[in-house]
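Contents: one structure, followed by commentary.
Just so it is clear, the values below take in all heavy atoms, side chains as well, and ignore hydrogens, waters and symmetry mates. Since the model is a prediction, treat every value here as computed from it, not as a measurement.
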Amino acid sequence: MDGGVIPRLQIIAARGVTESFSVHFWPSNCFRILILFLSLEAVLLYRMLSAKMVSNDSSSLGVILLFYCVFQGKSPVAERDAHINCEVLHAPLLGYEANDTSNISSDDNVTPFSKAGLFSTISFWWLNPLMKKGKKKILEDEDIPQLRPADQARTCYLLYLEQLSKWKEKGSSDPPSMWSILYFCFQKEIVISGLFALIKVLSVSAGPLLLNAFINVAERKNGFKYEGYVLTMALFLAKCLESLSERQWYFRTRLIGVQLRSMLSAAIYQKQLRLSNDAKMTHSPGEIVNYMTIYAFKLGEFPYWFHQIWTTCLELCLALVIVYYSVGLATVSALTAIILTVLVSSPLAKLQHQYQTKLQDQQDTRLKAIAEALANMKVLKLYAWEAHFRKVIEGLRMEELRTLSVVLFQRGCHMVLFWSSPILVTVVTFWSCYFLGVPLYASNVFTFLASLRIVQEPIRMIPDVATMFIEANASLDRITKFLEAPELQNKNSRETYSETEHNLSIVVRCTEISWAADSSSKAALKNIDLLVKAGEKVAICGEVGCGKSTLLAAVLGEVPRINGIVYKHGKIAYVSQTAWIQTGTIQENILFGSVMDQVRYEEVLNCCSLLKDLDMLPFGDLTEIGERGVNLSGGQKQRVQLARALYKNADIYLLDDPFSAVDAHTAASLFNEYVMRGLSGKTVLLVTHQVDFLPAFNSILLMSAGEILRAAAFDELLETCQEFQELVNAHNNTVGSERNMEHARSRKTRDSKEEIQEIYLREKSTAPSGDQLIRQEERERGDAGFKTYVQYLNHGKAFLYCFFTVLLHFLFIVGQLIQTYSLAADIQNPHVGKVELFTLYSVIGCILAFFLIFRCLSLVKLGYEASESISSKLLKSLFRAPMSFYDSTPLGRILTRVSSDLNVIDLEVAFKLIVAIGSALNAYSSLALLAVLTWPVLFLIVPLVYLTIALQKYYFSTATELMRINGTTKSLVVNHLAESIAGAMTIRAFGEEDRFFSKNLDLIDANASPYFHSFAANEWLIQRLEIPCIIVLSASALAMTLLPLGASAGGFVGMALSYGLAINVFLILSVQYQCFVAESNVSVERLEQFMHIPSEAPEAIETNRPLHNWPSVGEVEIRNLKVRYQPNAPFVLQGISCFIEGGHKIGIVGRTGSGKTTLISSLFRLVEPTEGKIIIDGLNISTIGLHDLRSHLGIIPQDPTLFSGTVRYNLDPLSEHTDIEIWEVLEKCQLREAIQQKEESLNALVAQDGSNWSMGQRQLFCLGRALLKRSKILVLDEATASIDNATDAILQKTIRTEFADCTVITVAHRIPTVMDCTKVLAISDGKMVEYDEPGKLMNKEGSLFGQLVKEYWSGAPGIDD
């Protein structure tokens, strides 16, 4: 199969090698080396500290360390790996054959991490080549190494399937817990990263003990000779151990996040390919995009925060132990304050979860609405509804913003609570010491403060951890609900049939077939008994909404409820009624994953009448088609679909009215060349309204009201079935002449292979002219500096609120320094009373709490103002963008911006920006304090600051491009997902699910790789900054033991080291959040790109507003109209001039691609005239506003579009008409009966894209809109192509009656539609060939219209020469 398959043995081998290294080397060797440092430290502490203190603390520490040191043999993790269920991993993935070739690239460009040794892994040395490359040049996609096989989406998805399989083997009736499945998928990685987290916590807890020892040395208490040097070495080793373990902890949890994100993205994509019809009603395309772009990515961030939950608790417990030895029973009050903080935060967390879930619901609703609007923007502009839809979406966004403000405020309250908790704890503890009579000295006070200061940041991160946990839980709930949604069940479809006849291709024997799984609902089809032999051609005809398309869907296995049996034998090809085209070249759309056979390919192009079209395109069959085929005409899109089906060389062809979108001559050519010759010997089921083609079929199914009335050959039906006679007579009356239809199956067949071979070998010009329509997604390049920060802060009053927030944080830091300095200076001063000292300390603490409260309010306003302004400008820009933007921009690119990028702006940018600035201020204030107290350290601090700036600059040259590439590759994932959702039925019909899934896995990996290297680069940077910080801290500690600091030496040493021990914490936090902000700023850049799209002309020009009743006459004058789509492109319309009198009926005819649709687009100014003008009732339409123009014209567009909502909303979204008027219109457009059958009547449900209504019914809805609007000028753009002849005749009569005094401009493929027009405008290659009355043109020699009429009359099969 073309998509490739996972080489399971290779993956397991690769995963085994890398994980065996991780499991066996890291715990057994690396940990022992690092633990040796801790053991040495414990020995030194034993010598330095009191016997009681060491015996209690270091003994518990030693037990844990000893456990690791004696950790021998195979690890439990390795043992689990050895017993992995190989059956699941070796089984073919989702239908892949075992002998298929792999899709995993054999390229050597795999990340060096896969082969990194111990030193390289610890130091992230393996990343150096990429960092150097990023410094030398701007990174491109191909510069990013691939992920290890162990980290690729294929492997992760297999692990997910394995765990699901294990759960099913247990035979449990309860649905599997997704949290359990995720845990067992990554159990080993979680344990390894947890060990690193544990080592980090243990090494951190040694800091306050060392500080106590340093104070003793500074106060010249008894110790051995070189105690200061030994302590300095111990401090250096402890901080190095802390740094190395923390970097591996963070890196490995991020890696788990990548694997988790990839796994869930793959599962979501696979699920949408199998989603049932009912489930699609619940989970819209916009929501499914949200599941992948927001919720899966949120869960991907969760492992990074997971260990913070228990490590914070452990750090707190260890800190409390140290506090107990420092202040004794006063620890109880400290513990009480902490418990109270947690209790107060509990209801806040519950509220936050409630509002977070509400926010996600509102995001889904908004994205559903905006995805529908963007996908149908052309229709919105034609109807002048874009302003209304924008207001609807803005209303949804305002509701979302109100909830967002509550969520942000709750996060702010959490921040105030946990940032002020250390202040509260210290104040309560000091007063408790005073009342309990616990003596306070510099040594125990600053040991206590150092312990609190070290856990201060983890405690402050509790709101973020809680928020992440809440978001992850809510996200997983939504994903789980989607993954548990009902799937298509083909239990009634079989590949074998027990009857005696074995040459049957299709058998359908069902009493009921229904789109609703509920048996109480009305069946779409009843009493179906259909037998089709191999090689037979069967036509299906009947009135609109009778169940023709449903019958094909039942054969495909798409209908959920089938009471009976459906059998099909052979490979199926399917052509849908609405063309589904992928973004890509025409060749890629036709091959559809098959191998290129040039001779067959050329033959297919010939059969589908595509050769001439390809010659007209600038790049031939390598021309890129825009999303949904926007740069092709309706007929061209349908012929590309037909070519795709024919090239597959299937056994059974299901064709759903494919000829309605092409002109009569092309339809006749297609029928003869495609159906009769190309599909000779194939089984064909063709839904059609073209009576001309029916004589050529072996059998005709006449359907009505969900049942097959009769099934017989044409002649037999014509003689015996009155309903069929009426259908044929309706067609004959439409044509206007009785025609003798003969059943002529045999036709001259020429073998054209030699001719095609000549075409292939013929030398062609390959020099392309012009640019491809779909261009590679733009991204910013190089160092943007502060540009994105300024862009973000320019929205609303963000600059002002940012200034206040930073100012308040600065005052908070200054207040903390004053508070701590007063304590350090006077804690051992006998002239200052403890009451005075603690009162001052408490008052400053209260002031700091107020700073925190106001900082929180300012921060919330900052985030809200920026989000509101950005979303408002983005929506306005998107809805005012011209159609050329939508033609050249895949929907996925826009959806990523209005979903994941906007979500980043809403929830992350403001908080990350302030934390980054605040942490930097904290880190530099600590360095400044060290410089003041130990001036010689300035010689180290200045180079450290320089090194920090230089390293960050070096880092950002690579990291910024990685983040940008991550954004563009995410768009590809989303675009592929959106296209797959739209074409799921076609993908399933062709059996291409595996290939599409495989492509999705590749796109997920392509997106995960830059993200992986981005966070690895983050750890690379932090590690290179931490080591110099450790050197500065160690040097400062040594200097304090050697320099004379006076009577308050112990206090100042304690103060300096309590800040110094937290330098690396603050520095890490600062750098991490700067990296986070830089990553988030990519979202700002991407949104800015779409906030400044060149706009259409104004909606209204106040100085030139047309009268309310304009146009009152309906005269249209076109003067020398020339139109081109791009500045350097050739003219599509080349100087058309004509005059249309008011009330006249004008028909526009021409072959496919002649420029008919472009002329209509010019009338509505979807494309502006390059030269010339269009004048309506004396008013140049280019001088008035677009809304004023479009709202005064009526149109029934080529592609019938319905929106999710009700029948009433789809007919009258602006609520301008009464129910009585709507019912009258429904009567006129033949829809009243169908809607009255619905229980909800006018409030009956219309699903997204109108998928629960037939194509013909959708066109009738569009007619209803025109009848309600009653414009003086009405345009019919091939409006009745999908309607049967009888209904078409009634509708044409309705249009003639209702719009008798209106100007009607009709673009039609059915020549009879324009035969009764006042005049006919014939266009060829963008030029007006003739414009006169139909009768005169018929008699004119060499008339194009006359030629088209002859072709239509002679278009029946069997009349081919």
Side-chain angles (χ1 to χ4, degrees), residues 264 268 282-302 305 345-371 392-415 463-482 795-796 798 856-857 859-872 874-875 895-913 1076 1080 1083-1084 1087:
L264 290 173
I268 290 166
T282 310
H283 305 278
S284 70
E287 287 173 310
I288 297 172
V289 168
N290 248 4
Y291 298 148
M292 186 180 287
T293 58
I294 295 181
Y295 305 141
F297 278 64
K298 284 285 181 196
L299 280 162
E301 293 173 10
F302 177 69
W305 300 91
S345 71
S346 182
L348 266 178
K350 288 180 182 176
L351 270 176
Q352 192 170 357
H353 182 267
Q354 177 186 335
Y355 277 94
Q356 187 68 42
T357 305
K358 183 180 178 182
L359 181 64
Q360 289 181 339
D361 286 335
Q362 291 171 336
Q363 284 176 334
D364 287 345
T365 305
R366 172 181 57 84
L367 192 63
K368 178 182 177 180
I370 199 168
V392 169
I393 293 168
E394 284 174 346
L396 294 172
R397 176 63 177 167
M398 285 310 298
E399 289 179 16
E400 184 185 342
L401 283 169
R402 280 193 285 271
T403 308
L404 175 68
S405 65
V406 176
V407 171
L408 293 177
F409 181 72
Q410 288 170 342
R411 284 181 69 176
C413 290
H414 259 110
M415 287 184 74
D464 289 336
V465 176
T467 299
M468 185 52 63
F469 187 81
I470 289 165
E471 288 180 353
N473 195 46
S475 298
L476 190 62
D477 285 346
R478 305 181 94 74
I479 290 175
T480 303
K481 188 183 291 185
F482 174 68
H795 291 284
C856 155
L857 295 173
L859 175 56
V860 170
K861 284 295 289 180
L862 163 63
Y864 180 84
E865 288 272 334
S867 287
E868 183 181 33
S869 175
I870 287 172
S871 61
S872 175
L874 178 67
L875 270 181
L895 288 181
T896 51
R897 285 165 170 82
V898 297
S899 58
S900 58
D901 287 328
L902 195 57
N903 187 65
V904 167
I905 299 294
D906 287 346
L907 295 172
E908 296 180 19
V909 175
F911 279 82
K912 287 179 177 177
L913 177 63
F1076 289 157
S1080 300
S1083 293
V1084 177
L1087 288 170

Problem set entry | Stepwise side chain to side chain donor-acceptor pair (under 3.5 Å) test for Asp477 and Tyr295 | CA-CA 10 Å; Asp477 285 346; Tyr295 305 141; over 6 Å; no
Hey, what do you get for [atom1] ([X]) to [atom2] ([Y]), rounding to the nearest 0.5 Å?
{"X": "Glu287", "Y": "Arg478", "atom1": "CD", "atom2": "CZ", "value": "7.5 Å"}
{"X": "Cys856", "Y": "Met415", "atom1": "SG", "atom2": "CE", "value": "8.0 Å"}
{"X": "Leu902", "Y": "Leu874", "atom1": "CG", "atom2": "CG", "value": "6.5 Å"}
{"X": "Asp906", "Y": "Ile294", "atom1": "CG", "atom2": "CD1", "value": "9.0 Å"}
{"X": "Glu301", "Y": "Glu471", "atom1": "CD", "atom2": "CD", "value": "8.0 Å"}

Under 3.5 Å, is there a donor-acceptor pair between the [X] and [Y] side chains?
{"X": "Gln352", "Y": "His414", "result": "yes"}
{"X": "Glu394", "Y": "Ser872", "result": "no"}
{"X": "Asn903", "Y": "Gln363", "result": "yes"}
{"X": "Ser899", "Y": "Asn290", "result": "no"}

Exercise. Is the Phe482 ring parallel, tilted or perpendicular to the Tyr291 ring (thresholds 30°, 60°)?
Worked result: tilted
Seminar exercise, completed: What one should report as the nearest heavy-atom pair of Ala472 and Leu299 is O-CD2, 3.4 Å
